[in-house]
Each structure stands twice: as structure tokens, then as C-alpha cells.
Amino acid sequence: MNRVRCLVLNAALGPLDYRVPDGMDIGPGSVVECPLGPRTVIGIVWEAERLPGTDVPVEKLRNLRGVLPVPPLSAPLRRLIEWAADYYVASLASVARMALSSGGALKGPATMTEYRLTGGLPERMTPQRHAAIEALEGEQANIRELSGIAGVSEGVLRGLVNQGVLEPVEVDCDRPYDAARPDFAEIALNAEQREASDIFAAAVRKAEFAPFLLDGVTGSGKTETYFEPIAEALRMGWQVLVLLPEIALTENFLHRFEERFGAAPVLWHSSLKSTERRRAYRAVSEGTGQVVVGARSALFLPFAKLGLIVVDEAHETSFKQEDGVRYNARDVAVMRGHFEKVPVVLASATPALESLQMAESGIYRKIDLPSRFGGAELPAIDTIDLTQEKPPHGMWLAQRLVDGIEDRLERGEQSLLFLNRRGYAPLTLCRNCGFRYQCPNCSAWLVEHRFTRRLACHHCGHEAPAPQACTECGEPDCLVACGPGVERIADEVAERLPQARVFVATSDTLNSPGRAAEFIAAVEACEVDVIVGTQLVTKGFHFPDLTLVGVVDADLGLEGGDLRAGERTYQQVAQVAGRAGRGSKPGEVLIQTRHPEAPVIAALAAGDRDAFYSAETEMRREAGAPPFGRWAAITVSSEDDAEAREAANRLGAFRPQVEDCLILGPAPAPMALLRGRYRYRFLINARRSVQLQDEIRRWLAQVDHPPGVRVAVDIDPYSFV
Ligand SMILES: [Zn+2]
Ligand SMILES: [Zn+2]
């Protein structure tokens, strides 16, 4: 083969053909350096028959510059890239880029220099040198990291290197991970768990595509159930991918994993340092990284020999990517399993309606874990009708809920209050002139954060100090906080139950694995009486002394009324309710609402999941909503309002006329201004028979836009802002 077709990593270009210089050994999937004008871009060699190209004569082709020292992307991964680009109406290049997600790893093996103590002493001892030598006993890292550990400047340490007190050590950047051992410490499973795990393990051995829905109540031990098929894959010498929704909060999971397998898994998430990223990437591509625990982006890693995929908390909306290629990791995971010919386990206590429907129609095999592990009972659930049991003026918690917390305090048990709103108050206004504090970049109110004394936008990150006087009319002390956030609820608990030790658990306070670990340790040591938290506390945590869960405002998620509002409310409340009574003490859940008769609230109170899902299914069927019909959103945006509006109108003029396909818009998006961009939106609702993606591709291809205009396509959207 002296001519190859390459997918170059540039979304504006189609595939390009190159000549292969003599002696260069490449094949489909090879990662190569392609000349492009005066530059060099990275490309992936692709099967020519799968990518339409041009017929440039071979003598006019330019030579490839080189091959990068990484294993070629496998055929199943190439098929996944093609599928995702096609399904999500994205460019092949932007999807392929997700599979080449470590620039460092592509450069091949490398070493780095670290330093350690030699045992020698400097000619002249100073207090700083003394402190450094004490602090660095047993440490080995680069100078910058050592300076952090020792708390002295890098200059001090370089002085110690010159004096021979610290010596350089060459370290392999890609040193192997500790081996996970399938038989390290087997876990006792109950009969239900054993039956499920045997089914999964058998599927692993068969090495065929097999999608499963593991539907287990909160506290049923789903994790332990899928540990056994992981062990089976390891025994076969295969790799495993486990997707988790909140990778920053995996302490508990990692602890259990290490206890079971005797080593930590390979982690993959967006806050890895670039050295950790390259090490993980190379280990995965070479097959030595055995079990990857990752966020959604791990789905596109180039596994050498994948044997099993697990998606835990598969209903989580954080598996939906909301920028760039707008994919849903749950669905892509199933497709990767299909191409790799391996089983996929979607685990959840509150499966997405789409997943249940797939099980119903026999495409997924559903495995149930109907009871809690160790005989724990599911909590008793009751509603508090806020129109009848009104909280005191200016407060948010009904007396019955506060009494419940006080009971727990007296018994030395813990309570959790759930409100999915960070900060102190979602809106600040001036009592004197009525001015409302709004984000300059977004159609959103600024949220007061009282801990940090700032007003912040939760969409773009804009922040300003909380003013002492109204910035509009100048009146001092006239700003009023409207509505509660978790900080305000924590204040209220502190005021009404001064003896309680309260902890606010949100992404503001649990913003690193270390902080999360401290929080867990404090709760386990019973140093916290009341946790006030956002959706971050709805999952994963297992606190045996936590016996009361209060949902501060169950109606919050139902406002705005998008397609999935009812389902999301059900999932959130059911998940947070699942934190109660996981040990030997029974749990109680109190749900505050102004609409106790709303179907989703009534179903929660009655513990009648089936009733909720069947009502929701009928509603979706009638609305032609997923999984019975298709939705897509197209957002046209620009920093200039007029430009965005004109571009949207121009696009609107070319809308396709297709039977069974309704195109609404363009209309200003609910967030008409987001991160400084004005947004206009089309919503498309189509029957399943419509070739939706093809129609959208043809439509968008007809209209050119000025460079400042962006057009974003969202297939199966979750966010309707
Ligand atoms: Zn004012
Ligand atoms: Zn903003």
C-alpha cells in the first residue's frame, strides 16, 4: 500500500490522501503525522472505502511525515467513532479527537527526573534546609512537588541538589500500575447477588455483546455484584471499563475496589495531571491498565482487549455531555459493547425510562436486586404538605421535620436535608428600588454565596463581591435574599437547633477527593449531626447512622416543566431517600411539597415505582417523546444578538419539509444569553421512522454562516435551557 486515506484532526477538513514513504509500516488505525501546508497535523489511517475522498493522482500526493509510537486504534474503536459522529451529527475529527485524548502519550515512552535524599548533609545547615531534610524523608518527586511537600522554595531545594543532599533519579513516565488480583479477597454475596453475578460472569466468558440492566434498590449491593464479573474478565486477561458519574467522589468506591482486588484501578477524569493522563492512556492502549474507573470521556480510550463495560448509576444526567460532541455516555457505552463484542452492565436503582423500555422490549436483559443487603429495610416515606404545615415566617423547614431532626440528635443519629441549590439564596434584590442582580453574561440571576461573601453565576462562573449598598440606587443595607439555598437551610438549622453540628455538602465544599474523604470520615465518626446537601449527596454514600432524610423542596425540579422533569424528580428524591436507614436502624424520609397530589410525589410517598413509571411511559408515548419518538435541538449562537437572530432565521428558511417531523422555532432559547452568547433554538420532534440525523445534516449543509456564528446539534437532548 503506497497510498492511504487519513482522517486528519481538523473538523474543517475532509479526509485526505497521502503517500506512504518506503519502509514506513502502517495500517488502518495507525496514528500518523500528516503534512498540511507548512504545518504538520495528526491523522488516523482509515479504511479508504469507508471514507469518501478525492481522486488526487498518486504522484501529486505528499509523503506522510511519520508514525506516532502508539498502538493503532482498533477496528471496534474506529467503528464507534464513525457511529458517534453519525448519530450525534458531529464531525469525525471531533469524535476521533476524544480517542486521542493525551498529547503526551502520543509522543511515546519517556522518562522524567525526580529527586530523593541521599542521606548526606549540606556544608552549611540553615533552618530552611533543616526543615526540608526532615520533611522529605522517604519522599521522591520532582522539584516543584517536593517544594510543595517541604514548604520551602524551589531555590532552597536546588541548593541541596548542588550540595549532593538530594540526588536525581530517572523515572519511567509510564511505569506499570499495580496488578489487580481477581482472587485477592472474595466478598460474601447473598443469594440474589450471587445469581446476578454468575449471569454476568458467564456473559464475560462468552465474549459476546450482551446488554444488561441491573435494577437494584438503593443499598442492595450492586457494586459487589459487578465486582465478580470484573474478576472474571481479569482471569481471562481482559480489561474492564467502569463509568461513574461523579469521579471526584469515588473514595468509597476506590476503597471497596482495593479491598476486593488488592490494588487501585486506573483512574481517568478531566482533572488528572498531564503526566497521570499519559501514563493511564499508554497503559490502557498497551493492555497493562486492567480496570479503568472513569468519567464519560473514558469511553473513547483505546483499550487493547476490552472484556466488560459497567456503567454505574446509569440514570445519571451527568453522563450526558453538554458541549462539543453532545453524546450520552450510557448509550455510547452500549454501542462500544456492541462493536467490541463484550457485555455491558447498566446499574441503577432508578433506571432511565429509556433503559426500562429497552428491557421491556427484550433488547436489554433485566436483572433485579429487590432487597437491601444485610436485611436492612427500605425507609418509610411520608409527605409534608407545606400549604397545611407552614414553616415559621422567613423559614423553610416545617416543624415536623425540625422535630424529626431533634429526635435524631437526642438518639445520636444523623439527618440529611436535600435541596438542589448551591449558595445562600438564588436571587438578591433591592428593597428600595427593586433592582435584581443578574449575570452580565447570562439570562440568569446571581446566586448569593454567604460563606465567600460573593454573588456568583452558576452558568458561566461570573463572580462579584456581595455589595454593602445597592449598586443601583446607593441605599445601604437594603438588599434582600430571596428563596433558600443550602447555606440558608444550614443557617436555619443552626438557629432552630443550636446544639446541632451542621455540614454543608456541595460542589463548593467537596471540591476535591481529599475534601470528600474528610467529609466522609467526619460523618462516619459522628462528628456531624445534620448534612445539608445538593444532588452531590444523593448517591454513593453509605452512612449507617443516618436515619432521617428531609427533602426541603420536592417541587423545585418540577418547575420549568421540561420533558424529563418528573423522571428527574423521581430519581433524585428516590436516590436521596435511599441514603436513610442503610444500617441496622430503620430510616425515615419526609418530603416537603406544596403538591402532594402530583403523580410523581404521590408515587414516591406510596413507594410505588411501577405506578410512576407506567404513568410516565404513557405520557411520553402520547407526546411522541423518547423512547417512543425522537427529539433534537439545534442552537444557533453568536456574541452579537442580531447576527445570531439573522443566522437562525436564515437557517429557518431552509427547514426541511418532512412528514412526521415537526420543527419548532427559531425562538430565543430559555437561556437567551449564556456565557456571553445570544442563543436561538429549533426543537425537532420526529417519529422513529424519520431519518432524523440525515435530515439535519442535509439541512445544515445548505446554509453558510459568518465565522462568529456557532450551530450546535443536540440529539436526544437532556437540557432544555
Ligand atoms: Zn436599590
Ligand atoms: Zn453567567
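Hydrogens, waters and symmetry mates play no part in the numbers below; they use all other heavy atoms, side chains included. Numbering of ligands and ligand atoms starts at 1, following listing order.
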Quiz prompt | N/O donor-acceptor pair under 3.5 Å between N328 side chain and D716 backbone | solution =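 No; judged by distance alone, with no hydrogens or angles, the pair does not exist.
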Got a sec: is [X] within less than 2.8 Å of the Zn ion (ligand 2) via an N/O/S atom?
{"X": "C460", "answer": "yes"}
{"X": "C439", "answer": "yes"}
{"X": "H459", "answer": "no"}

Exercise. Find out whether the Lys NZ or Arg CZ of R564 is both under 6.0 angstrom from the six-membered ring centre of Y718 and within 45° of the ring's axis.
Key: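 Judged by the rule, R564 and Y718 form a cation-pi pair.
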Quiz item: Between R496 and Q399, is any side-chain donor less than 3.5 angstrom from a side-chain acceptor?
Solution: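 Side-chain D/A pair, R496 to Q399: present.
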Quiz item: Do the side-chain N and O atoms of S271 and H269 include a donor-acceptor pair separated by under 3.5 angstrom?
Solution: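 Result is yes, a qualifying pair exists.
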Exercise. Mind reading off the angle at the Zn ion (ligand 2) between the SG atom of C442 and the SG atom of C457, rounded to 10°?
Key: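 Seen from the Zn ion (ligand 2), SG and SG are separated by roughly 110°.
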Quiz item: So what does the C433 SG - the Zn ion (ligand 1) - C470 SG angle come to, to 10°?
Solution: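 Once rounded, the angle between the two atoms at the Zn ion (ligand 1) is 110°.
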Exercise. Could you tell me the angle subtended at the Zn ion (ligand 1) by SG of C430 and SG of C473, rounded to 10°?
Key: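 The angle at the Zn ion (ligand 1) comes to 110°, rounded to the nearest 10°.
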Quiz item: Would you call E695-R697 a salt bridge at under 4.0 Å N-O?
Solution: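 No, E695 and R697 are not salt-bridged.
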Quiz item: Short check: any N/O/S atom of C478 below 2.8 Å from the Zn ion (ligand 1)?
Solution: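 No N, O or S atom of C478 is closer than 2.8 Å to the Zn ion (ligand 1), so no.
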Quiz item: Are more than 12 heavy atoms from other residues, nucleotides or ligands located less than 6.0 Å from atom CD of E463?
Solution: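 More than 12 heavy atoms, drawn from other residues, nucleotides or ligands, come within 6.0 Å of this atom.
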